[in-house]
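To keep things clear, I will list the structure first and then write my remarks on it.
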Amino acid sequence: MSDNKPSEKLLGDFEKPSYEKWREAAEASLKGVPFDKKLLTRTYEGLTLSPIYSAQDVPEPAADAYPGEAPFVRGASIASRASADWLVAQEVTYPSAQLL
């Protein structure tokens, strides 16, 4: 029996496409609509979100960064958020439950 997971075995049967090949396929499926206009999303904060990212999109310092250490790309705390308690807060705009 192989140690590979079924998904890893299946993915091994396909060539890994480059970003350029992926973009060509995406542009072909857009049928003339500009890639940048249709697939890049601008947030209110001024960030541009791409539909696909790769290892080249990760800033170099992030590769060696640890949680709680500068440049804080993996969080400001060493402790995992999984160990933190949940905080659920919602504003209730009614003076009492009877008005609902």
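This is a predicted model, so every value here is computed, not measured.
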Hphob cluster co-occupancy, Tyr53 + Leu47, side-chain heavy atoms under 4.5 angstrom: no
Tell me, yes or no, whether the heavy-atom count around Glu45 atom CD, taken from other residues, nucleotides or ligands under 6.0 Å, exceeds 12. yes
Verify the cluster assignment for Val33 and Ile52: are they in a single hydrophobic cluster under the rule of side-chain heavy atoms below 4.5 Å apart? yes
Keeping to residues at least two apart or across chains, list the salt bridge (Lys or Arg N to Asp or Glu O under 4.0 Å) pairs with something in residues 16-25. Arg23-Glu27, Arg23-Asp36
Thr41 side chain near Ser50 side chain, heavy-atom distance below 4.5 Å: no
